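What follows is a single structure, written as structure tokens, with notes after it.
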Amino acid sequence: MTSVRRRVVSRLTAAVLAPGLIAAGALTGAGTAAADENAAQPGGASATLDGLKTYSQALLVEPDGEKKEIGAGLFEMTVDGGGALQTYCIDIANPTVSKSRYKEVGWDASSLNDNADAGKILWILQNSYPQVNDLAKLGQAAGVAGGLTNETAAAGTQVAIWRFSDDADVTAKDPAAEQLADYLEKAAQNVPEPKASLHLTPAAVSGKAGDRLGPVTVDTNAQAVSISTPAGVTAGDVKVVDGSGKPVTSAADGSELYFDVPAGTEPGEASVSVQARTTVPVGRAFTSVGVKSQTQILAGSSESTVTATATARWADAGPIPAVTAEKNCAEGGVDVTVANEGDKPFAFSLAGESHEIAAGGSQTITVPVQEDQAYDITITGPDGFEKNFTGVLDCETDTTGGDEGTTPQTGDDTPAGDTADEGGTDLAATGSNSNTPLIIGVAVALVVVGGVAMLLVRKRKPSAAGSGSED
């Protein structure tokens, strides 16, 4: 098995500066800052972790030889706007935070970013429980004489995943579950990363009033997506249109969308929300929002609400910037891309440095961010221009031990057998325990070591579908 890269002491940067995107439906003007933790994740499912539901026990041997008994199996999540998800853990050394918020991301924005065995994890998900819910058939394939239960099937599947996601020395305590884990580990093959449920590229465009701004390309597994009416400080008669200029209220995979901004429209911005109901593809990664909580990978989905947002900025003349931000796990930071569709250079400040983008130009700047730490990223420019992005970089697994070592998953906070979607798909799940004090303690310790004066973390109450608000 190929070893997975382990987290080491990262660059000691607790708060950095860089730009962000506008949340779905938000109204923003040229001189206001719009903080948005979803800017580097422009689309997909947002959900709340409900807990460990269907599980059995496993034994983990830490790198220092310490042995820990942990819960192994399926988690459940409730999707914003409706729907439920089943997930397995791909981050064994970190605890879960009860009721923490999660966002769908690609493998490159998660701890799978440099894992050569990520495709084998997807094969396991496709060929084991709950995707294969005929336990007699699954047990026969694995050579399990005594049969499998939902709990042992979930535990065996989770153990096999951990061996690839974390290179973990872990075994299932139940013999049938261990036999299933061994079978899955040996049979696994690399398969390609799944398609996003919904994604817009790019998530921000700009240009002159009187032009069509775009295109913004729709990437989705849904048959169709609905498009909201543009909203913004000076949106006015701005419309979303196709390449021929025809107004559209729905789109499909591969569709190209434009913002049609009438000539004479006052300089400003508008945003449009795209939404669909679909099953999120098995194998999509889910990372926590606002706090550090165990990274998850999707094992099953009911029909769920997925959303994405794109923004447009326009003016008659001068610099006209469009700013996007995307997590770059390979480089340990956030990629900030600034495009200037105006007729004059755009000068801006980012991470304490001055930059300038020529008219018609574009530049991507990677801002270093400390692993597992909250960051606050702001870009400022002339005439009060300001964009803000906040989040947590969650790109690596952890084997440092001590306070950051594995916390046993007991499932005590949510009784086994609960379901997240009554009347919907039966979603088995496993394990969650609340470790918020541990997370805070680790964060404080890192701040002291790094000599950083302040760590800014924006807390908000949960809101409706697509809001991306934090717990």
Side-chain angles (χ1 to χ4, degrees), residues 37-38 41 43-55 71-91 94-106 109-112 121 125 129-131 150 154 157-158 161 165 194 196-198 276-307 392 394 409 411 413-436 461-471:
E37 67 278 4
N38 288 325
Q41 304 167 118
S46 298
T48 299
L49 183 67
D50 291 325
L52 187 60
K53 302 290 186 177
T54 306
Y55 64 99
L74 277 165
F75 291 83
E76 281 188 12
M77 294 187 188
T78 299
V79 179
D80 293 355
L85 308 176
Q86 300 165 294
T87 60
Y88 285 108
C89 165
I90 52 172
D91 191 10
N94 285 295
T96 56
V97 177
S98 181
K99 299 301 179 182
S100 53
R101 306 272 298 131
Y102 279 80
K103 181 71 178 177
E104 176 189 347
V105 300
S110 76
S111 57
L112 296 179
I121 297 173
L125 293 167
Y129 183 76
Q131 289 300 305
N150 290 345
T157 305
Q158 175 67 93
I161 289 172
S165 66
S197 64
L198 179 60
R277 292 282 293 177
T278 187
T279 55
V280 182
V282 168
R284 290 293 288 172
F286 278 77
T287 57
S288 55
V289 175
V291 298
K292 170 63 179 176
S293 186
Q294 216 172 65
T295 302
Q296 306 282 311
I297 192 165
L298 189 71
S301 168
S302 69
E303 185 177 73
S304 299
T305 300
V306 294
T307 60
V392 175
D394 185 7
Q409 298 178 125
D413 62 338
T414 49
D418 284 357
T419 57
D421 188 4
E422 296 180 7
T425 303
D426 182 16
L427 300 178
T430 58
S432 171
N433 51 295
S434 179
N435 289 279
T436 304
K461 296 181 179 180
S463 58
S467 68
S469 60
E470 303 169 7
D471 264 354

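Computed from a predicted structure; not experimentally measured.
Scanning both residues, Ser100 and Val291, for their nearest heavy atoms gives CB-CG2, 4.1 Å. The two atoms that bring Val282 and Ala299 nearest to each other are CG2-O, 3.7 Å, heavy atoms only.
At distances below 3.5 Å, at least one donor-acceptor pair connects side-chain atoms of Arg277 with backbone N or O atoms of Glu303. Glu104 places a side-chain N or O within 3.5 Å of a backbone atom of Ser197 that can act as its donor or acceptor partner. In terms of modelled atom types and a separation under 3.5 Å, the side chain of Ser46 and the main chain of Asp80 share no donor-acceptor contact. A donor-acceptor distance shorter than 3.5 angstrom exists from the side chain of Ser301 to the backbone of Val280, with no hydrogens or angles considered. Side-chain atoms of Arg284 do not come within 3.5 Å of backbone N or O of Gly44 as any donor-acceptor pair. Using modelled atom types, one side-chain atom of Thr305 and one backbone atom of Gly81 make a donor-acceptor pair closer than 3.5 Å.
Taking OG1 from Thr157 and CG from Leu125, the interatomic distance works out to 8.5 Å, rounded to the nearest 0.5 Å. Here the OH atom belonging to Tyr88 is positioned 12.5 Å from the OG atom belonging to Ser165, to the nearest 0.5 angstrom. Rounding to the nearest 0.5 angstrom, the gap separating the OG1 atom in Thr78 from the CG atom in Asp50 is 3.5 Å. Expressed to the nearest 0.5 Å, how far CZ of Phe286 lies from CD1 of Ile297 amounts to 10.0 Å.
In terms of the side chain to side chain donor-acceptor pair (under 3.5 Å) criterion, residue partners of Thr278 (sequence neighbours excluded) are, by chain and number, Asn221. Applying the side chain to side chain donor-acceptor pair (under 3.5 Å) test to Ser110 and every residue at least two apart in sequence or in another chain returns nothing. Listed by chain and residue number, nothing satisfies the side chain to side chain donor-acceptor pair (under 3.5 Å) test with Ser304 (two or more places apart in sequence, or in another chain).
Results of the side-chain hydrogen bond (donor to acceptor under 3.5 Å, both in side chains) test with Asp91 over Gln296, Lys292, Gln294 single out Lys292 as the only residue that passes.
Between the side chains of Thr87 and Tyr102, no donor-acceptor pair is found at a separation under 3.5 Å. Judged purely by distance below 3.5 Å, without hydrogens or angles, the side chains of Asp394 and Thr287 never pair a donor atom with an acceptor atom.
Residues Leu298 and Gln86 are not in side-chain contact: their nearest non-hydrogen atoms beyond the backbone lie 4.5 Å or more apart. With a 4.5 Å cut-off on side-chain heavy atoms, Ile90 and Ser111 count as touching.
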Starting from the C-alpha separation in whole Å, work towards a yes-or-no answer on side-chain contact (heavy atoms from CB on, under 4.5 Å) for Cys89 and Gln158. CA-CA 7 Å; Cys89 165; Gln158 175 67 93; 3.5 Å; yes
